[in-house]
Amino acid sequence: MPRIYLELGVFALILGAGAVVLQQLAHLETMMPFDVGPAFFPAAMAIAMMGMAGLGAARTIAAHDAEIMTFPGGRKMLITLAGTVALFVLWERFGQFFVLGFVYLAGLLLLYFSDGPLTRRLLVIVILAAAAFMGAAHVFFTEILYTKF
Amino acid sequence: MEFLSLIDLSGLLTAGLSIAFGLFVGMLFGALPGLGLTIAITLLLPLTFSMEPLNAILMLLAVYQAAEYGGSISAITLGIPGTVFAVPIVKDGRAMAKQSSPGKALGYSLYGSTVGGLVGGLALVLMAAPIAKLTIALGQAEFFLLGVMGLMAVTAFAEKDPLKVGISICAGMIAGTIGLDMFVGEPRLTFDSAELYEGLSLISIVVGLFAFSEVFFMMAGNMTHRYSFEASDMRINLSLRECLSAFKAMLAGSVIGTLLGVLPGVGSSVAGWLSYSSAKSLSKTPEEFGNGSREGIAAPDAANNAVVGGSLLPFLTLGIPGTAGIAIISGALIIHGITPGPLMINENPELIRGIFVGFIVTTFGMFFMGKFLSRLFARALVTPNAVLVPGVLMLSILGIYAARSEFFDLWLALGIGVVAFVMRKLDYSVAGFVLAFVLSPIIETSFRRELVISGGDLTVFYTRPAALILVLLNLFFFGMILWKAFRRTQQATVEVN
C-alpha cells in the first residue's frame with residue numbers, strides 16, 4: 001500500500017476522532033465560578049490534535065512520498081486477530097476459558113510453526129506445551145489469586 | 001534475641017522474593033529482542049493487585065533495573081539490542097565480544113549498570129526528602145507546568161516526527177480525560193457506556209499499546225528462526241584494574257543518567273547517547289570508541305541504570321512520572337490507593353523507606369544475578385518468536401482479565417493494539433501517548449484548581465519564581481521542538497528535490 005494513502009487515511013481518522021470528541025463535549029457546562037469546565041481541556045486537546053493532523057496532511061501531500069508500505073506477516077496477524085476475537089466471543093458466551101485457551105494457544109503455536117516443517121513430534125510438543133501453560137495458569141490464577149475465569 | 005523479634009522476617013522474605021522474581025523477569029525480557037522492559041512491567045502489573053504495595057513497587061522497579069542491563073546481553077552476544085536503550089552499546093559490545101570475549105564485554109556492561117544503579121539510588125535516597133520539602137511549597141500552577149514540561153521534553157527528545165509525537169500526546173491527554181469529571185462529576189466522552197465511567201483501564205491501555213502491538217510486529221518474518229551465538233567464554237570476571245580503567249566513564253554515565261532521569265520526559269534514550277559521547281570526550285583513548293572500547297560499553301549502561309533512580313525522584317516527590325516505565329509503575333501505586341506526590345513521603349514513610357532500601361538491594365541483586373545467570377539469559381535468546389508470541393498474548397489476556405474481570409477491558413486492549421500497530425508503523429509515539437494518559441489528570445486538575453484558587457487570574461502561571469523558571473524551561477523545549485520540526489521539513493524538501 002502506498003504510504004501516502006495510509007498517512008492521509010490516518011490523518012483523516014484523527015480529524016474525524018477530534019470532531020467526535022468536540023461533538024461529545026458540546027453539552028457539558030461550567031458550573032463552578034472561575035472553573036474552565038469539564039469540556040475545556042479535552043476540547044483544547046482535540047483542537048490541537050486536529051490542527052496538527054491538518055498540518056501533517058498538508059505536509060504529506062506536499063512531500064509526494066512514493067514509498068510503498070508492506071505488512072510482512074499480515075496473514076498471520078489477521079488469523080491471530082480472528083482467533084483472538086473468536087476466543088473472546090466464545091469465552092464470553094460459553095465460559096470454559098481454560099479449555100478455549102488451550103485450543104487458542106495450541107492453534108497459535110501450530111500457525112506460527114507452520115513456517116517450518118510440521119512433524120508429528122512437533123504436534124505432540126505443541127499440545128503438551130499448551131496444556132502445561134494453561135494448567136499452570138489455572139493453578140496460579142484460580143488457586144493462588146482466586147480469580148474466576 | 002529481642003532484636004530479632006523486631007524484624008519482620010516474613011515481610012523481608014516476601015520483599016526479597018518479589019525483588020528476585022522482578023529481576024529474573026526483567027533480565028529475561030530485557031534480553032529477548034522485541035520484548036523489553038515496558039512489556040515486562042506491563043505483564044507483571046496485574047499481579048500487583050494481590051500484593052502488598054511495597055512488594056509490588058519493588059518487583060516492578062527490579063524489572064525496570066534488570067531489563068536495562070538485560071538489553072545489553074543481546075546487544076553484546078548477538079549485536080541486536082534487547083531494548084532501544086541498549087543501542088549505544090551494540091558497536092563496542094559486539095566488537096569486544098569478537099576481539100576479546102563476550103564475558104568481558106558483559107562484565108563492563110554489568111559493572112557499569114551496577115555503578116549507575118547505585119549512583120541513581122544514592123541520589124534518590126539523599127535528595128528525595130529535601131526535594132519533597134521544597135515541593136510542598138509549590139502551588140498548583142507549578143505542578144501544571146511540570147506536567148506540561150514532561151510532555152514537551154518527550155516531544156523535544158523523541159527521535160520521531162515532532163508533529164506525530166504531538167498528536168500522540170494530545171490523543172493520550174484526551175484518553176486520560178475519559179470518565180467522570182473530578183470537579184463536577186459529569187461523565188465525559190463516555191458514550192453512555194457504564195464501563196467508561198471510571199475511565200479507561202491503564203492495564204488495557206499499556207497491554208494494547210506495548211504487548212499486543214509488539215506481537216503484531218514480531219509476526220513479520222520467519223517466526224521459527226533461532227538466533228545462534230558463541231556460548232563459550234561468557235564468564236563475567238573483571239579484575240579490579242580492568243574495572244577501575246572504566247570507572248571514570250561509569251561515573252560520568254551515572255551522573256548524566258541521574259540528572260537526565262530527574263528531568264521528566266527525557267529518559268534513557270538520550271542519557272545513553274549523551275553519556276557515550278561524554279565518555280568519548282573524557283577518554284584518553286577516544287580512537288577505541290566503536291572498536292570495542294570498555295568505556296563505550298560502561299558509560300551508556302551506567303547512564304541507563306542511573307536513569308531509573310533519577311526518574312524516581314520527580315515521581316516520588318512530585319507525582320510526575322518521567323518515563324513510560326515509571327508511568328506504568330505509578331499505576332501500581334494508584335491501584336493500591338496511594339497517590340504519588342509530595343505528601344506521600346510524609347503519609348507513607350515506611351513505604352518510602354522500603355523503596356529506598358529495596359532499590360539499593362535490587363541493584364546488588366541485579367549484579368549477582370547478572371554475574372551468575374547472564375549465560376542462562378543469553379541461552380534464552382534462541383527462543384523463537386513462534387513460542388514468544390503466543391506466550392505474550394496469553395499472558396496479556398490472563399493479566400487484563402485478572403485485573404478487573406471485565407470483558408470490555410479485553411476488547412479495549414485488542415482494539416488499542418491494532419490501532420497502535422498501525423500508528424507505530426507510521427512513526428507515532430506510544431510512549432508519548434501513555435505518558436500523556438498518566439499525566440493528563442495531574443495537568444488538568446492542577447490547571448483548573450489553580451484557576452479556581454486564584455479567582456481566574458492567569459498571571460499566577462508565570463509570576464511566582466518557580467513558575468517562571470518552569471515557563472522558561474517549557475519555552476526552551478518548545479523552541480527545540482520547533483527547531484527539530486523545521487530541520488525535518490528542510491531535510492524532506494532536500495530529499496524531494
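Numbered from 1 within each chain, the chains take letters A, B, ... in sequence-line order.
Interface residue A:Val10: only side-chain heavy atoms are found under 4.5 Å from chain B. For A:Leu87, the part sitting under 4.5 Å from any heavy atom of chain B is the side chain, from C-beta outward, and nothing else. Only the side chain of A:Met69 comes within less than 4.5 Å of a heavy atom in chain B; its backbone stays farther off. Proximity to chain B is limited to the side chain of A:Arg59, based on heavy atoms less than 4.5 angstrom apart. If you measure heavy-atom distances from B:Phe212 to chain A, you find no contacts under 4.5 Å at all. The part of B:Leu414 that comes within reach of chain A is its side chain, from C-beta onward, which places non-hydrogen atoms under 4.5 angstrom from that chain. Proximity to chain A is limited to the side chain of B:Val422, based on heavy atoms less than 4.5 angstrom apart. Both the backbone and the side chain of B:Ala171 have a heavy atom closer than 4.5 Å to some heavy atom of chain A. Residue contact with chain A, scored on non-hydrogen atoms closer than 4.5 Å, is absent for B:Phe49. There is no contact between B:Val215 and chain A, counting heavy-atom distances below 4.5 Å. In this structure, the portions of A:Leu55 lying under 4.5 Å from any heavy atom of chain B include both its backbone and its side chain. For B:Asp161, the part lying near chain A is the side chain, with the backbone staying farther off; criterion is any non-hydrogen pair under 4.5 Å. Looking at B:Phe447, only its side chain comes within 4.5 Å of chain A, counting heavy atoms on both sides. Neither the backbone nor the side chain of B:Met218 comes within contact range of chain A, judged by heavy atoms closer than 4.5 Å. Contact of B:Val184 with chain A is made through the side chain alone, with heavy-atom distances under 4.5 Å. Both the backbone and the side chain of A:Phe113 come within contact range of chain B, judged by heavy atoms closer than 4.5 Å. The part of B:Leu393 that comes within reach of chain A is its side chain, from C-beta onward, which places non-hydrogen atoms under 4.5 angstrom from that chain. With a 4.5 Å cut-off on non-hydrogen atoms, A:Pro38 touches chain B through its backbone and its side chain both. Looking at B:Glu186, the atoms closer than 4.5 Å to chain A (heavy atoms on both sides) all sit in the side chain, from C-beta outward. The contact between B:Thr224 and chain A is made by backbone and side chain atoms together, counting heavy-atom distances below 4.5 Å.
Of the listed residues B:Leu451, B:Thr177, B:Leu410, the one with more heavy-atom pairs under 4.5 angstrom with chain A than any other is B:Leu410. Ranked by heavy-atom pairs under 4.5 Å with chain A, the list B:Ile169, B:Leu426, B:Ile397, B:Ile174 is led by B:Leu426. Comparing B:Phe191, B:Trp411, B:Phe216 by how many heavy-atom pairs each has under 4.5 Å with chain A, the most go to B:Trp411. Of the listed residues A:Gly107, A:Gly101, A:Gly37, A:Ser114, the one with more heavy-atom pairs under 4.5 angstrom with chain B than any other is A:Gly37. Ranked by heavy-atom pairs under 4.5 Å with chain A, the first of B:Met394, B:Met173, B:Arg449 is B:Met394. With chain B as the partner, the residue from A:Tyr146, A:Phe149, A:Tyr104 showing the most heavy-atom pairs under 4.5 Å is A:Phe149. Among A:Val85, A:Thr70, A:Thr84, A:Leu25, the residue making the largest number of heavy-atom pairs under 4.5 Å with chain B is A:Val85. Highest contact tally toward chain B, considering only A:Glu92, A:Met49, A:Lys76, A:Arg75, is held by A:Glu92 [criterion: heavy-atom pairs under 4.5 Å]. Contact count against chain A (heavy-atom pairs under 4.5 Å) is highest for B:Pro390 among B:Gly456, B:Ala220, B:Pro390. Of the residues considered (B:Val387, B:Leu163, B:Ile443, B:Asp181), B:Leu163 shows the highest number of contacts with chain A, using heavy-atom pairs under 4.5 Å. Heavy-atom pairs under 4.5 Å with chain B peak, among A:Val36, A:Leu13, A:Val20, A:Ile144, at A:Val36. Interface remark: of the candidates A:Leu111, A:Thr80, A:Val126, A:Thr80 forms the most heavy-atom pairs closer than 4.5 Å to chain B.
Atom CD of B:Glu406 has more than 12 neighbouring heavy atoms from other residues, nucleotides or ligands inside a 6.0 Å radius. The local environment of CD in A:Glu29 is sparse, with at most 12 non-hydrogen atoms from other residues, nucleotides or ligands closer than 6.0 Å. By the 6.0 Å contact criterion, CZ on B:Phe478 is open, its count of non-hydrogen atoms from other residues, nucleotides or ligands being 12 or less. Annotation: B:Phe486, atom CZ; neighbour count of heavy atoms from other residues, nucleotides and ligands within 6.0 Å does not exceed 12.
Of the inter-residue distances, the one linking A:Met45 atom CE with B:Ser440 atom OG reads 8.0 Å to the nearest 0.5 angstrom. Separating the NZ atom in A:Lys148 from the OG atom in B:Ser405 is a distance of 10.5 Å, to the nearest 0.5 Å. In this structure, B:Asp457 CG and A:Phe34 CZ are separated by 10.0 Å, a value rounded to the nearest 0.5 Å. Here B:Phe183 contributes atom CZ and A:Asp35 contributes atom CG; the two are 6.0 Å apart, rounded to the nearest 0.5 Å.
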Practice prompt. Report the C-alpha separation of A:Phe71 and B:Met219 in whole Å, then their side-chain angles, then the decisive distance to 0.1 Å, and conclude whether the side chain to side chain contact (heavy atoms under 4.5 Å, CB included) test is met.
Written response: CA-CA 10 Å; A:Phe71 290 88; B:Met219 286 175 205; over 6 Å; no
Practice prompt. List the steps, then state whether side chain to side chain contact (heavy atoms under 4.5 Å, CB included) holds for B:Leu388 with A:Tyr112.
Written response: CA-CA 10 Å; B:Leu388 293 179; A:Tyr112 302 147; over 6 Å; no
Item to complete: Verify side chain to side chain contact (heavy atoms under 4.5 Å, CB included) between B:Tyr428 and A:Ile14, making sure each step is shown before the conclusion.
Response: CA-CA 12 Å; B:Tyr428 288 84; A:Ile14 292 167; 3.7 Å; yes
Worksheet item: Is there a side chain to side chain contact (heavy atoms under 4.5 Å, CB included) between A:Phe40 and B:Arg448 once you walk through the steps?
Response: CA-CA 10 Å; A:Phe40 176 80; B:Arg448 287 171 67 184; over 6 Å; no
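In this structure, A:Glu7 pairs ionically with B:Lys164, as a charged nitrogen and a carboxylate oxygen lie closer than 4.0 Å.
The shortest side-chain heavy-atom distance between B:Tyr401 and A:Phe141 does not fall under the 4.5 Å cut-off.
When all heavy atoms are compared, the tightest approach of A:Pro42 to B:Leu189 is CB-CD1, 4.2 Å.
Outside the 6.0 Å centre-distance limit, the rings of B:Phe407 and A:Phe88 are not counted as a close aromatic pair.
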